[in-house]
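Have a look at the structure below, then the notes.
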Amino acid sequence: MMSDPQARLERLTSMLRRRGVILPAFEIHGGVAGLFDFGPIGGRLRRRLNNAWLEHWAAQGDIVEIDSPTITPESVLIASGHVGEFNDHMSECNACGGVFRSDHLVEGFHSNPDVLAPKDLDQLISNNNVNCLTCGAMDWKDAQPMNLMFSTRIGTMKGGRTAYMRPETAQGMFMQFPALYRHFRNRLPFGAVQTGKGYRNEISPRQGMIRLREFNMAELEYFIDPEVESSHDFSKWVSSRFNFVPDPEFGEPLEMSPGEASTQNIIRHPTVAWFMARTWDFLVSVGIDPAKIRFRQHEGTEMAHYASDCWDAEIHGSYGWIECVGIAHRGCYDLAAHESATGDNNLRAWRPYDEPKIVDKTVLSGKGAVIGPSFRDQASAVNEALELLIDMPSKFPFELSLGNGDKVTIESEMVEEKRIQSTEHGEWFLPHVVEPAFGIDRILWHILDHAYLESEKGGEAYTVLRLSPSIAPIDVVILPLMEKDELAEMAHDIHRRICSTKNLASYYDGSGSIGRRYARADEVGVPWAVTIDHESLQNGSVTIRRRDDGKQVRIQSDDLVDTLTIGPSANLF
RNA sequence: GCGGAUGUAGUGAAGGGGUUAUCACCUGAGGUUUCCAACCUCAUGUCACGGGUUCAAAUCCCGUCGUCCGCACCA
């Protein structure tokens with residue numbers, strides 16, 4: 001009964017719906033593809049996973065959290081490259097209606113079809129008699145731009161500003177680089193994280209939670225000085241074996257520790273290796289099966305427009321290997337792009353020299369009394385051009401080019417030569433960034449997939465969700481052995497006490513036989529069950545049952561909150 | 001987006017131009033039980049949405065939306 005993976009996937013999906021973990025959104029209005037709700041169980045599960053992620057990175061000590069708007073002005077996304085990159089052109093076949101990326105159709109006929117205008121694409125398609133890949137016809141509609149971003153406007157009346165729902169959270173961290181730099185007292189390296197919604201208007205969302213139109217992202221931007229040798233301590237993982245799948249151009253899949261992969265240059269940058277290792281730690285800590293994690297390097301052709309090296313953490317589950325985390329070395333791409341788009345010069349960091357550099361310069365300085373009357377309204381432009389002059393003229397008079405392209409003749413009495421000595425203590429540079437970007441929904445899906453365990457109990461199917469206690473949405477279920485007498489009263493009491501404790505959630509269940517209630521709790525992954533029986537009324541003790549093996553021990557109900565807060569210890573059982 | 005399949009309680013299914021729309025599990029109440037989906041009685045709840053054909057539509061037709069599979073797409 002458990003052999004068919006498709007059937008298992010259907011049972012799991014049904015259970016998630018039935019128990020209020022993951023549900024289709026807006027269902028009474030017909031539903032919308034690619035949008036999901038987290039229900040009463042799923043909502044808290046998602047929050048816990050999110051918090052676990054934030055805490056995991058905060059623990060590193062040099063990473064802070066920020067939060068940015070989801071509505072993003074167009075200019076930001078033009079600078080970042082998303083408007084260009086997400087604006088692929090599509091060609092539609094008139095015969096069969098098939099739709100293809102125009103640049104893919106003309107691959108081989110142009111060295112870089114990505115940059116072509118729609119007219120050129122159409123021209124190239126017809127000149128080379130490109131046939132439809134589906135029906136073989138040669139009858140194309142004009143290439144149309146297709147933008148995967150949700151567009152909107154800022155401002156309600158006419159005019160306003162074009163904007164998009166952010167396709168990633170990363171831009172927020174780049175926008176706030178100056179504030180982050182100040183926060184960290186002008187010292188690299190440091191990082192910033194942000195979790196929140198991202199939006200992509202996918203053509204065809206499929207595979208449940210794998211491809212969504214609105215999804216939970218968690219991104220980290222770690223800013224480093226490219227000239228400082230990064231040193232990371234990989235000793236924690238010396239005996240860990242990670243699965244690596246390098247770009248086929250560079251090598252075969254292999255197993256080794258992340259430290260080795262870094263020293264052997266399989267991972268090109270040690271900071272990328274470091275974040276891969278820390279990502280692995282995170283995934284395992286929230287309940288992903290380590291045997292089902294692999295790191296796959298992007299091939300040159302699929303590398304995102306910003307990345308210079310990129311590894312995906314892929315997780316294996318019911319849909320095969322799925323990319324759940326992308327760890328990219330983005331170089332200085334983003335900061336440079338925003339700098340050149342805005343002219344803002346605060347996106348740089350200061351690198352002091354070991355020794356101050358003494359620079360001797362000879363400059364020509366305009367004599368105001370001569371330049372002014374000679375050039376009148378051009379005088380200030382002449383002075384600027386003189387200051388920028390690097391090579392001293394060999395003779396006078398000489399021709400000087402102004403910033404606006406005009407040329408003027410400079411006589412020797414207009415200027416004087418000055419020797420300037422300055423001391424430079426350092427330089428401004430664009431930091432590089434390593435970006436681990438997590439798809440929370442995809443990870444959450446795989447946590448559920450890996451935790452969902454089907455077995456048999458007394459000839460009947462029995463399912464347990466073996467969620468890690470660190471993210472289980474309900475910590476403990478409170479069960480009066482019978483819902484009468486003072487048993488129910490005592491159980492309610494304990495339930496309220498646990499719920500009012502920070503970071504603990506309990507669930508009161510009083511209906512049905514005790515076995516049925518254990519089963520209900522097991523199905524949604526409650527790690528602990530507390531049962532109140534007649535002995536409890538006499539001496540205040542209760543039994544606590546461990547989900548994964550059904551083992552029970554008796555403890556004092558007064559100790560319950562403390563025991564659950566620190567997690568019941570192994571020697572208790 | 002194209003092609004195919006499909007949509008009936010919370011879940012899984014049966015049925016089908018005129019029925020009080022059926023069954024199991026689940027859920028709730030009462031009884032029984034006194035620690036791992038027991039049992040008895042009762043109860044709640046369903047034909048995706050919109051339009052058409054018809055005296056009559058959950059059933060036939062069309063459209064929309066959703067789901068699944070294949071193709072295409074997928075920072």
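In what follows, chains are A, B, ... by sequence order, proteins preceding strands, each numbered from 1.
In this structure A/Ala170 satisfies the side-chain contact (heavy atoms from CB on, under 4.5 Å) test together with A/Glu168, A/Phe174, A/Glu219, A/Glu221, A/Arg330, A/Glu435, sequence neighbours excluded. Legend: residues meeting side-chain contact (heavy atoms from CB on, under 4.5 Å) with A/Leu453, ordered by chain and number and at least two apart, are A/Arg466. A search for side-chain contact (heavy atoms from CB on, under 4.5 Å) contacts involving A/Ser68 returns A/Ile66, A/Arg166, A/Gln194, not counting sequence neighbours. Among residues two or more places apart in sequence or in another chain, the side-chain contact (heavy atoms from CB on, under 4.5 Å) test is passed with A/Ala79 by A/His338, A/Ala341. With sequence neighbours left out, the ring pair (Phe, Tyr, Trp, His ring centres under 6.0 Å) criterion links A/Tyr518 to no other residue.
Rounded to a whole Å, the CZ atom of A/Phe36 is 7 Å from the P atom of B/rU67. Regarding A/Arg545, its CZ atom lies at a distance of 14 Å from the P atom of B/rC35, rounded to whole Å. When the P atom of B/rC35 is taken as reference, atom CD1 of A/Ile555 falls 20 Å away, rounded to whole Å. For the pair A/Tyr462 OH and B/rA37 P, the computed distance is 7 Å after rounding to whole Å. If you measure from atom OH of A/Tyr518 to atom P of B/rC35, you get 10 Å, rounded to the nearest angstrom. Atom-to-atom, CD of A/Glu535 to P of B/rC35 comes out at 12 Å; the value is rounded to the nearest Å. Put simply, CZ on A/Phe26 is 13 Å from P on B/rU67, counting in whole angstrom units. B/rG12 atom C1' lies 12 Å from atom CZ of A/Arg17, rounded to whole Å.
More than 12 heavy-atom neighbours from other residues, nucleotides or ligands sit within 6.0 angstrom of CG on A/Leu35.
Spacing of C1' atoms, B/rG45 relative to B/rC40, comes out at 22 Å, to the nearest Å. A gap of 14 Å separates the P atoms of B/rU22 and B/rA9, to the nearest Å. B/rA29 and B/rG12 are spaced 25 Å apart, taking the P atom of each and rounding to whole Å. A distance of about 13 Å separates the P atoms of B/rU11 and B/rC47, rounded to the whole Å. Across B/rA57 and B/rG18, the matching P atoms stand 11 Å from one another, rounded to whole Å. Taking atom C1' in both B/rA58 and B/rU46, the straight-line distance is 10 Å, to the nearest Å. Rounded to whole Å, the separation between the P atoms of B/rC49 and B/rG31 comes to 39 Å. Of the C1' atoms belonging to B/rC68 and B/rA56, the separation is 35 Å, rounded to the nearest Å.
As judged by a 4.0 angstrom heavy-atom cut-off over every strand, A/Glu323 is placed among the base-contacting residues. Among the atoms of the strands shown, only primed sugar atoms or phosphate atoms (P, OP1, OP2) are found under 4.0 Å from some heavy atom of A/Ser14. Using a 4.0 Å heavy-atom cutoff across all strands shown, A/Asp522 reaches no nucleic acid atom at all.
Applying the salt bridge (Lys or Arg N to Asp or Glu O under 4.0 Å) test to pairs two or more places apart or on separate chains, those with a residue in residues 530-544 of chain A are A/Asp533-A/Arg554, A/Glu535-A/Arg554. Legend: salt bridge (Lys or Arg N to Asp or Glu O under 4.0 Å) pairs involving residues 515-528 of chain A, not counting sequence neighbours, sorted by first then second residue: A/Arg18-A/Glu523, A/Arg19-A/Glu523, A/Asp509-A/Arg520, A/Asp522-A/Arg545. Every pair passing side-chain hydrogen bond (donor to acceptor under 3.5 Å, both in side chains) that includes a residue from residues 442-451 of chain A is listed here, sequence neighbours excluded: A/Arg8-A/Asp449, A/Ser318-A/Asp449.
Between the side chain of A/Ser536 and the backbone N or O of A/Ser541 there is at least one donor-acceptor pair closer than 3.5 Å. In this structure a side-chain-to-backbone donor-acceptor pair under 3.5 Å is missing from A/Arg44 to A/Ile474. Judged by distance alone, the side chain of A/Asp441 and the main-chain N or O of A/Asn216 form a donor-acceptor pair under 3.5 Å. Listed for the A/Asp549 side chain is a donor-acceptor partner under 3.5 Å among the backbone atoms of A/Lys551.
Glycosidic torsion of B/rU33 falls within 90° of 0, placing the base in syn.
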Nucleotides 62-65 of chain B: which of its N/O atoms have a protein N/O under 3.5 Å away?
from: B/rC65; atom 1: O2'; to: A/Gly30; atom 2: O; distance (Å): 3.0
from: B/rC65; atom 1: O2'; to: A/Gly31; atom 2: O; distance (Å): 3.3

Between the protein and nucleotides 68-70 of chain B, are there any N/O to N/O pairs under 3.5 Å, and if so, what are the atom names and distances?
from: B/rC69; atom 1: N4; to: A/Arg206; atom 2: NH2; distance (Å): 3.3
from: B/rG70; atom 1: O6; to: A/Arg206; atom 2: NH2; distance (Å): 2.8

Which pairs, protein N/O on one side and nucleotides 24-28 of chain B N/O on the other, fall under 3.5 Å?
from: B/rC26; atom 1: OP1; to: A/Arg516; atom 2: NH1; distance (Å): 2.6
from: B/rC26; atom 1: OP1; to: A/Arg516; atom 2: NH2; distance (Å): 2.8
from: B/rU27; atom 1: OP1; to: A/Arg520; atom 2: NH1; distance (Å): 2.1
from: B/rU27; atom 1: OP2; to: A/Arg516; atom 2: NH1; distance (Å): 3.3
from: B/rG28; atom 1: OP1; to: A/Ser511; atom 2: OG; distance (Å): 3.0
from: B/rG28; atom 1: OP2; to: A/Ser511; atom 2: OG; distance (Å): 3.1

| said: Dot-bracket, 5' to 3', for RNA chain B please: Watson-Crick or G-U pairs under 3.5 Å, [ ] where pairs cross earlier ones, | where the partner sits on another strand, dots elsewhere. | reply: (((((((..((((....[...)))).(((((.......)))))....(((((..]....))))))))))))....

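A/Met490 and A/Gly540 get closest at one heavy-atom pair: CE-CA, 4.3 Å.
A cation-pi arrangement, defined by a distance under 6.0 Å to the six-membered ring centre and an angle within 45 degrees of its axis, is absent between A/Arg296 and A/Trp321.
Between A/Gly326 and A/Leu487, it is A/Leu487 whose nearest contact on RNA chain B lies nearer the 5' terminus.
A sub-4.0 Å separation between OP1 or OP2 of B/rA38 and a side-chain N or O of A/Ser513 is present.
With respect to A/Phe275, the ring pair (Phe, Tyr, Trp, His ring centres under 6.0 Å) criterion is satisfied by exactly one of A/Phe438, A/Trp57, A/Phe282: A/Trp57.
A donor-acceptor contact under 3.5 Å is formed by the side chain of A/Gln552 with the base of B/rC35.
Nearest to the side chain of A/Thr531, among B/rC73, B/rC35, B/rA37, sits B/rC35.
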